[in-house]
Q: 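Can you keep this structure in mind? I'll have questions shortly.
Letters go in sequence order (proteins before strands), and every chain restarts at 1.
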Amino acid sequence: MNVRVRFAPSPTGYLHIGAARTALYNWLFARKHGGKFLLRIEDTDLQRSTEESTRSIFEGLAWLGLDYDEEVVFQSANAEKHRAAARRLLEEGKAYRDFTPREERSDANIKQEIAERARRAAAGAESKINPYRDLPREESDRRAAAGEPFAIRLKVPREGRSEFYDIVYGKQEREYAEIEDLVLVRSDGHPLYNLSVVCDDIEMGITHVIRGQDHLTNTHKQILIYRALGAPVPQFAHLPLILAPNKAKLSKRKHGEVVSLTTYRDRGFVPAAFRNFLALLGWSPADGKEIMTLEEMIERFSLEGIHRSNAIFNFNEHDPRQWTDPKALWMNAEYIHHMPLAELLPLVRAELEEAGLWRAEYEGERRAWFERTVDLIRQRFHTLKDFSGQGRAYFSDEFAFDEAAVEKNLRREPRLKELLPELARRLETVEPFTAETVERALRAFAEEAGVKAGLLINAARTALTGQAVGPSMFEIFETLGRERSIQRLRAAVDLI
RNA sequence: GGCGCAUUGGUGUAGCUGGUUAACACGCCGCCCUCUCAAGGCGGAGAUCACGGGUUCGAGUCCCGUAUGCGCUGCCA
């Protein structure tokens, strides 16, 4: 079978990480089976859809490295086709006109309203059976011709049950009696979601619908539409939801920027790392491997490996160290430490460019230096931002001193006021200026001065980098070079 | 309210057709290394597998019920 799947986000707000995961799974499935991964923007809710949001979807997918095949489909462009499909169903007697005056629903407490209405219906106060369902054709036509507004509803069988097999959740059943005749086209002529999705999926030749579990029960309705339209029904695979730590739905209003994919890009995540983390939120490979390249992920991916229980996205908004899931943070650091240097370099370059620290010579005569330096400092970094933050001193002479580091490594020992300039003086003649030679010189000096080498080393770390932590100090001397090292050792005296 | 789905340490997961000391990763704690650590190495604590009944020689694994959570139930998507 020729696999064709799609990612169909609605462009309202930023790209949610849950949606990003859905996109990833669809993409992995398509690539695994040599199929097509299509993109469809469901922009039929004109009120809420924004161009900015559409852009964030494109950017998000590109950032994650999820390329799509064929042309992007904008659902709004197909509205006429959707209406035509509904008209056809009307003609064939599979749908009917509902002349009930439209009820306005406020978005605010819509859920309670629905529950309340269902409760009344169950109590028998309101009939679930639409009075227009069996309106004679002639009368329906006459009223429509007279200009009376109507919605188009699908005729759902009164008896029997709907069944389908979900690849993730297994066999699904639902009594038709529990499904209300659903509206296909609004009385203002606007086609509704269930109709549009089905029509577009048919037209796009979708073979597998992989989407959030929130659509699981609605699938019965959609299958009814496929059948009515005489189209083959695709396979379905629903994905568990991603929940907040309190098990509530992850939402922008309540949880803020942690749910937005762009946040991760903006805060220095390596795309591959976040993609890797996302993949594991609701799916796991048979062999339990966690750190995977894209190829390894494609190789291992299967819909059967997707779990049924919702995943909790763990974070703590009161703890800056855990602004997002600790495992995501760990994984990002893991990637920065171990990914091929050649793949990291462009990411560091982009970060430095953004911070105004990039210099052309890093691609030219200083290229070897740049690569060595990045390789040296990456071992302690956790995000790409660290290259321009904590790592600023390696790329610029204007860098900030960490106050705690100054206190701990410089101010606590007044003798450093004399020791540092003397160390600088001695380094002037060290030849060649390498980690080994500097180490020898420094240790000899420490012994002569009667101080621990650690005192000078830690003081030098803060003097040269502004930080209390970092790579092996002698490597830093070599990387920064004699001139800068000496200059910074002397300048540090003012801080003591 | 009705219907559906889920439930293994704090979190993400493994545990296939019933027999394991319930496994792995993150996090947490401790130790080691050391010139620092938000690095690295080593180790530890933490789960009566939501609860209650069954079936069975034996159940995290099968059945029933309960609870909790989530989802759907809309002329939103």
Q: Does a side-chain N or O from A/H337 land closer than 4.0 Å to OP1 or OP2 of B/rA38, or not?
A: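 The answer is no; no side-chain N or O of A/H337 sits under 4.0 Å from OP1 or OP2.
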Q: What contact category does A/T44 fall into here, base, sugar-phosphate, or nothing, at under 4.0 angstrom with non-hydrogen atoms?
A: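 A/T44: backbone/sugar contact only, no base atoms under 4.0 Å.
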Q: Heavy atoms only, 4.0 Å cut-off, all strands: where does A/K249 land among base, sugar-phosphate and nothing?
A: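 The answer is sugar-phosphate, as A/K249 gets under 4.0 Å only of primed atoms, P, OP1 or OP2.
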Q: Check each of A/Y169, A/F236, A/Y226 against A/F164 using the ring-ring contact (aromatic ring centres under 6.0 Å, His included) test, and report the only one that passes.
A: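 When A/Y169, A/F236, A/Y226 are each tested with A/F164, the ring-ring contact (aromatic ring centres under 6.0 Å, His included) holds only for A/F236.
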Q: Below 6.0 angstrom between ring centroids: does that apply to A/Y335 and A/F274?
A: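 No, too far apart.
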Q: Sticking with atom P, work out how far B/rU68 lies from B/rG52, rounded to a whole angstrom.
A: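 Here B/rU68 and B/rG52 have their P atoms 16 Å from each other.
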Q: Closest approach to the side chain of A/N458, judged atom by atom: which nucleotide of B/rA77, B/rC35, B/rG69 is it?
A: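 Shortest atom-to-atom distance from the side chain points to B/rC35.
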Q: By nearest atom, which of the nucleotides B/rG71, B/rA6, B/rU13 is closest to the A/S284 side chain?
A: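 So the nucleotide nearest the side chain must be B/rU13.
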Q: Using a 4.0 Å heavy-atom cut-off, does A/R308 contact any base of the nucleic acid, only the sugar-phosphate backbone, or nothing at all?
A: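 A/R308: backbone/sugar contact only, no base atoms under 4.0 Å.
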Q: How close or far is atom C1' of B/rG10 from atom CG of A/D319, stated in whole angstroms?
A: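 After rounding, the reported distance stands at 14 Å.
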Q: Please give the distance between the C1' atoms of B/rG9 and B/rA47 as a whole number of Å.
A: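 Per the computed distance, 4 Å lies between those C1' atoms.
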Q: Is there a donor in the side chain of A/D181 and an acceptor in the side chain of A/N130, or the other way round, less than 3.5 Å apart?
A: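 A/N130 and A/D181 do not have a side-chain donor-acceptor pair below 3.5 Å.
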Q: Looking at every strand, decide which applies to A/K289 at a 4.0 Å heavy-atom threshold: base, sugar-phosphate, or nothing.
A: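 Result for A/K289 = nothing.
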Q: Could you work out the separation of B/rC70 and B/rA23 based on their P atoms and round it to a whole Å?
A: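 Taking atom P in both B/rC70 and B/rA23, they lie 31 Å apart.
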Q: Counting only side-chain N and O atoms of A/H307, is one of them less than 4.0 Å from OP1 or OP2 of B/rA14?
A: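 A/H307 to B/rA14 OP1/OP2: side-chain N or O found under 4.0 Å.
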Q: Check for me: is A/H215 stacked on B/rA77 by the 5.5 Å centroid and 30° plane-angle rule?
A: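 The base of B/rA77 is stacked with A/H215 (centres under 5.5 Å, planes under 30°).
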Q: Is any NZ, NE, NH1 or NH2 atom of the basic residue among A/K221 and A/E180 found under 4.0 Å from an Asp or Glu carboxylate oxygen of the other?
A: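 Not counted as a salt bridge, because no side-chain N and carboxylate O are separated by less than 4.0 Å.
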Q: With rounding to the closest Å, how many angstrom separate the P atoms on B/rU61 and B/rU48?
A: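 About 15 Å, rounded to a whole number of Å.
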Q: Among the nucleotides B/rC76, B/rG2, B/rG12, which one has an atom lying closest to any side-chain atom of A/I312?
A: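 From the listed options, B/rG12 comes nearest.
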Q: Going by number, which of residues 151-172 of chain A have a non-hydrogen atom under 4.0 Å from RNA chain B?
A: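 The answer is A/A151, A/R153, A/Y169, A/Q172.
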Q: Let's see if you get this right: which residues in residues 469-479 of chain A place a heavy atom under 4.0 Å from RNA chain B?
A: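 Under 4.0 Å from RNA chain B: A/V469, A/G470, A/P471, A/S472, A/M473, A/F474.
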Q: Using a cut-off of under 3.5 Å, enumerate the N/O to N/O pairs linking the protein to nucleotides 23-31 of chain B.
A:
| unit_1 | atom_1 | unit_2 | atom_2 | d |
| --- | --- | --- | --- | --- |
| B/rA25 | O4' | A/E290 | OE1 | 3.3 |
| B/rA25 | O2' | A/E290 | OE1 | 2.6 |
| B/rA25 | O2' | A/K327 | NZ | 3.4 |
| B/rA25 | N3 | A/K327 | NZ | 3.0 |
| B/rC26 | O2' | A/K327 | N | 3.4 |

Q: In whole angstrom, give me the gap between the C1' atoms of B/rA77 and B/rC72.
A: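 Comparing C1' positions in B/rA77 and B/rC72 gives a spacing of 13 Å.
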Q: When you check the side-chain N and O atoms of A/N194 and A/Q222, is any donor under 3.5 Å from an acceptor?
A: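 Per modelled atom types, A/N194 and A/Q222 side chains form a pair under 3.5 Å.
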Q: So which pairs with a foot in residues 161-175 of chain A pass salt bridge (Lys or Arg N to Asp or Glu O under 4.0 Å), sequence neighbours left out?
A: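 Salt bridge (Lys or Arg N to Asp or Glu O under 4.0 Å) check on residues 161-175 of chain A returns A/R161-A/E173, A/R161-A/E175, A/R174-A/E178.
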Q: Less than 6.0 angstrom separating the ring centers of A/Y96 and A/Y132, yes or no?
A: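 So the answer is no for these two rings.
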Q: Using the criterion of both pairing distances under 3.5 Å for Watson-Crick and G-U wobble pairs, give all stems of 3 or more consecutive pairs involving RNA chain B.
A: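 So far as stems of 3 or more pairs are concerned, RNA chain B shows B:1-7 with B:67-73, B:10-13 with B:23-26, B:28-32 with B:40-44, B:50-54 with B:62-66.
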Q: Quick check with a 6.0 Å cut-off and a 45 degree axis cone: is A/R143 positioned over the face of A/F99's six-membered ring?
A: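 Yes, A/R143 sits over the ring of A/F99.
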Q: Determine the interplanar angle of the A/F301 and A/W283 rings, folded into 0 to 90°, and report it as parallel if under 30°, tilted if 30 to 60°, perpendicular if over 60°.
A: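 A/F301 vs A/W283 ring planes: tilted.
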Q: With sequence neighbours excluded, tell me which residues meet side chain to side chain donor-acceptor pair (under 3.5 Å) with A/D287.
A: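 Result, side chain to side chain donor-acceptor pair (under 3.5 Å) vs A/D287: A/R300.
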Q: Which nucleotide sits closest to the side chain of A/L281: B/rC76, B/rG12, B/rU11?
A: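 It is B/rG12.
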Q: Between B/rA77, B/rG12, B/rG71, spot the one nearest the side chain of A/Q213, thanks.
A: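 Nucleotide nearest to A/Q213's side chain: B/rG71.
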Q: For residues A/S10 and A/Y193, determine if any side-chain heavy atom of one lies less than 4.5 Å from a side-chain heavy atom of the other.
A: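 No, their side chains stay 4.5 Å or more apart.
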Q: If you check every side-chain atom of A/L241, which of B/rC5, B/rA38, B/rC70 has the closest atom?
A: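 Out of B/rC5, B/rA38, B/rC70, the nucleotide with an atom closest to A/L241's side chain is B/rC70.
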Q: Kindly point out which of B/rC75, B/rC70, B/rA77 is positioned nearest to the side chain of A/S187?
A: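 Of the options given, the side chain of A/S187 lies nearest B/rC75.
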Q: Which is true for A/G212 with a 4.0 Å heavy-atom rule: it touches a base, it touches only sugar-phosphate, or it touches nothing?
A: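 Here A/G212 touches no strand at all.
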Q: Does the Lys NZ or Arg CZ of A/R97 fall within the cation-pi geometry relative to A/F150 - under 6.0 Å from the ring centre and within 45° of the axis?
A: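 Geometry flag: set, cation within 6.0 Å and 45°.
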Q: Going through the distances and angles, do A/R380 and A/D386 end up as a salt bridge (charged side-chain N to carboxylate O under 4.0 Å, His left out)?
A: CA-CA 9 Å; A/R380 261 88 177 172; A/D386 291 335; over 6 Å; no
Q: Can you tell me how far C1' in B/rU8 sits from the matching atom in B/rA14, rounded to whole Å?
A: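 Between the two C1' atoms, the distance is 10 Å.
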Q: Does B/rG40 have OP1 or OP2 under 4.0 Å away from a side-chain N or O of A/R380?
A: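 So the side chain of A/R380 is outside the cut-off, no N or O lying under 4.0 Å from OP1 or OP2 of B/rG40.
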Q: Under 4.0 Å between a side-chain N/O of A/N218 and OP1 or OP2 of B/rU73, yes or no?
A: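 It does, given that an N or O in the side chain of A/N218 lies less than 4.0 Å from OP1 or OP2 of B/rU73.
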Q: In whole angstrom, give me the gap between the C1' atoms of B/rG69 and B/rG30.
A: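 Those two atoms are separated by 36 Å.
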Q: Between A/T462 and A/R411, is a side-chain hydrogen bond (donor to acceptor under 3.5 Å, both in side chains) present by the stated rule, with each step listed?
A: CA-CA 11 Å; A/T462 300; A/R411 279 199 200 116; over 6 Å; no
Q: Hey, are the side chains of A/E478 and A/V438 touching, using non-hydrogen atoms and a 4.5 Å cut-off?
A: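 Answer no - side chains too far apart.
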Q: Please give the distance between the P atoms of B/rC16 and B/rC63 as a whole number of Å.
A: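 Approximately 14 Å lies between the P atom of B/rC16 and that of B/rC63.
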Q: What's A/A468 touching, base or sugar-phosphate or nothing? Going by heavy atoms closer than 4.0 Å.
A: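 The residue A/A468 makes base contact.
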Q: Tell me what A/Q390 touches on the nucleic acid: a base, only sugar-phosphate, or nothing, going by heavy atoms under 4.0 Å.
A: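 A/Q390: base contact, heavy atoms under 4.0 Å.
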Q: Assess the pair A/Y264 and A/W323: is the distance between their ring centroids shorter than 6.0 Å?
A: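 Ring centroids of A/Y264 and A/W323 are less than 6.0 Å from each other.
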